[in-house]
Asks: 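I am attaching a structure below and will ask some questions about it afterwards.
All of these numbers come straight from a predicted model, not from anything done at the bench. Each chain gets a letter, A, B and so on, in the order the sequences are listed, and its residues count up from 1.
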There are 2 protein chains.
Amino acid sequence: MPDLLHGDENEAAVNSLRSAVMRLGRRLKHQRVDESLSPTEMSVLGTLARCGSATPGELARKEHVQPPSMTRIVALLEAKGLVRLEPHPDDRRQKVVSQTERAEAMLEESRRKRNVWLASLAEGLDDDEWAKLRAAAPVLEKLAHL
Amino acid sequence: MPDLLHGDENEAAVNSLRSAVMRLGRRLKHQRVDESLSPTEMSVLGTLARCGSATPGELARKEHVQPPSMTRIVALLEAKGLVRLEPHPDDRRQKVVSQTERAEAMLEESRRKRNVWLASLAEGLDDDEWAKLRAAAPVLEKLAHL
DNA sequence: GTAACTCATTACCCAATCTAAATACCACCG
DNA sequence: CGGTGGTATTTAGATTGGGTAATGAGTTAC
């Protein structure tokens with residue numbers, strides 16, 4: 001259990017994280033690098049790129065989305081040719097989702113575009129602030145998974 | 001313009017911020033301290049608590065929401081008795097939104113509840129991680145406002 | 001071998017936000 | 001003055017992302 005001595009500071013931080021995360025989330029929604037690809041779809045592709053492949057259920061848990069939503073997302077991605085669905089080797093209830101070469105290319109493209117946005121943000125932040133963000137990023141990821 | 005030397009690291013951080021912010025956002029949505037009050041409504045109340053009072057347009061800009069959405073939100077808050085609407089002193093197009101005493105009490109209550117959630121999160125993070133979060137919180141806020 | 005559980009899906013629904021257009025008002029220029 | 005262009009808010013309608021409940025197929029445990 002971390003520093004109970006800093007309760008007030010933590011509380012203030014939680015407040016500010018809450019509102020910042022929400023506003024930033026809305027903003028990110030609009031700044032999607034690829035029109036026609038929702039933020040969650042992007043996120044799923046990112047997860048697949050990192051983890052190789054996964055079942056819809058696993059993806060739903062990772063993204064903190066209900067299974068039916070993930071079914072829909074995967075279906076959309078498949079329709080766009082960004083994802084492949086194969087039967088699970090030893091459980092015929094499950095399926096295995098993996099990204100296609102096309103998704104790989106798209107991610108590369110989107111990475112490039114993201115640099116533009118990054119550059120524009122860079123105008124507003126100094127080195128120190130960036131450093132803090134870099135340090136906090138993994139913690140936020142951990143938090144997102146509780 | 002900050003450290004171009006760390007371009008790759010920044011890019012990785014941006015990726016990880018993106019997905020973390022989104023997932024955390026979804027999670028926060030469900031963890032609302034007060035049922036019957038949407039995250040954005042909460043955020044507006046927080047803004048009013050900090051800034052005193054503001055016009056709907058100002059609030060919309062601050063929350064990164066379109067004006068019509070803010071109209072709705074303010075109307076809902078007013079219906080719940082958490083916000084007061086008065087005519088703008090020297091521009092009859094505008095209105096001035098300010099929080100009621102009841103909102104003040106509710107924020108206090110919600111602050112208390114938030115501590116419970118905070119405590120449960122604390123189980124999963126160590127001192128160092130919390131420190132990083134605290135350091136990054138203001139930067140995230142700044143980022144949210146670009 | 002059946003009962004209980006799990007994964008994915010289908011069908012339906014809801015909440016939050018958006019865009020476009022309407023309304024009321026201000027400010028300036030002739 | 002009076003009109004013209006711009007701004008604040010609101011109304012109306014559409015979209016979208018996600019959720020819940022119920023179904024079907026498959027697996028596991030007793």
Asks: From CG of B:Asp90 over to P of C:dC26, roughly how many Å is that when rounded to an integer?
Replies: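 In whole Å, C:dC26 P lies 10 Å from B:Asp90 CG.
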Asks: Is there a side-chain contact between B:Arg92 and the phosphate of C:dC26, meaning an N or O under 4.0 Å from OP1 or OP2?
Replies: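 Checking C:dC26 against B:Arg92, a side-chain N or O does come within under 4.0 Å of OP1 or OP2.
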Asks: If you go through the side-chain atoms of A:Arg72, does one of them form a donor-acceptor pair with the base of D:dG17 closer than 3.5 Å?
Replies: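 Checked by distance alone, the answer is no.
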Asks: Considering every strand and a 4.0 Å limit on heavy-atom distances, what is the contact class for B:Pro56: base, sugar-phosphate, or nothing?
Replies: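 Contact class for B:Pro56: sugar-phosphate only.
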Asks: Measure the distance from CD on B:Glu41 to P on C:dT17 and round it to the nearest whole Å.
Replies: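 About 9 Å, once rounded to whole Å.
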Asks: A:Arg84 vs A:Glu78, test: salt bridge (charged side-chain N to carboxylate O under 4.0 Å, His left out). Steps then yes/no.
Replies: CA-CA 6 Å; A:Arg84 200 179 359 251; A:Glu78 193 191 17; over 6 Å; no
Asks: Between A:Thr40 and D:dG18, is there a contact of a side-chain N or O with OP1 or OP2 at under 4.0 Å?
Replies: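 Indeed, a polar side-chain atom of A:Thr40 lies that close.
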Asks: How long is the line joining CG of B:Leu59 and P of D:dT10, in whole Å?
Replies: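 It is 11 Å, rounded to the nearest whole Å.
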Asks: Expressed in angstrom and rounded to an integer, what is the separation of A:Leu37 atom CG from D:dT16 atom P?
Replies: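 In whole Å, D:dT16 P and A:Leu37 CG are 14 Å from each other.
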Asks: In whole angstrom, what separates A:Gln66's CD from C:dA15's C1'?
Replies: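 The answer, rounded to whole Å, is 16 Å.
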Asks: Among the nucleotides C:dC18, D:dT11, C:dT9, which one has an atom lying closest to any side-chain atom of B:Thr71?
Replies: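 Of C:dC18, D:dT11, C:dT9, D:dT11 is nearest to the side chain of B:Thr71.
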Asks: Can you tell me the distance, in whole Å, between the NZ atom of B:Lys95 and the P atom of C:dT23?
Replies: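 Between P of C:dT23 and NZ of B:Lys95: 16 Å.
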Asks: Tell me which of B:Asp91 and A:Glu58 sits closer to the 5' end of DNA chain C, going by the nucleotide each one is nearest to.
Replies: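 Result of the comparison: A:Glu58.
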Asks: Of A:Pro68 and B:Gly57, whose nearest nucleotide on DNA chain D comes first from the 5' end?
Replies: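 The answer here is B:Gly57.
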Asks: Okay, side chain of B:Lys142, backbone of A:Gly124: is any donor-acceptor separation there less than 3.5 Å?
Replies: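 Pair found, side chain donor or acceptor close to backbone of A:Gly124.
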Asks: For a side chain to side chain contact (heavy atoms under 4.5 Å, CB included) check, start with the C-alpha distance between A:Ile73 and A:Glu63, then their side-chain angles and the critical distance, and finish with the verdict.
Replies: CA-CA 11 Å; A:Ile73 291 162; A:Glu63 302 295 332; over 6 Å; no
Asks: Whole angstrom is fine here: how far is it from NE2 in A:His88 over to C1' in C:dT9?
Replies: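 Rounded to whole Å, this separation is 17 Å.
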Asks: If you only use heavy atoms from C-beta on, which nucleotide in D:dA12, C:dT10, C:dT17 is closest to the side chain of B:Ile73?
Replies: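 Selected nucleotide (nearest to the side chain): C:dT17.
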Asks: Could you check B:Pro68, B:Pro67, B:Ser69 and say which one makes a side chain to side chain contact (heavy atoms under 4.5 Å, CB included) with B:Val65?
Replies: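 The residue from B:Pro68, B:Pro67, B:Ser69 that satisfies side chain to side chain contact (heavy atoms under 4.5 Å, CB included) with B:Val65 turns out to be B:Ser69.
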Asks: Mind listing the closest non-hydrogen atom pair of B:Val97 and B:Leu48 along with its distance?
Replies: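 Looks like O-CD2, 3.6 Å.
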Asks: Is there a donor on the side chain of B:Arg93 or the base of D:dT7 sitting less than 3.5 Å from an acceptor on the other?
Replies: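 Indeed there is one.
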Asks: Expressed as a whole number of angstroms, how long is the span from B:Glu63:CD to C:dC18:P?
Replies: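 Whole-Å distance recorded here is 11 Å.
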Asks: C:dT17, OP1 or OP2 - any side-chain N/O from B:Ser69 closer than 4.0 Å?
Replies: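 The answer is no; no side-chain N or O of B:Ser69 sits under 4.0 Å from OP1 or OP2.
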Asks: Look at A:Thr55 and C:dC7 and indicate whether a side-chain polar atom (N or O) is within less than 4.0 Å of OP1 or OP2.
Replies: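 Answer no for this pair, as no side-chain N or O of A:Thr55 is under 4.0 Å from OP1 or OP2.
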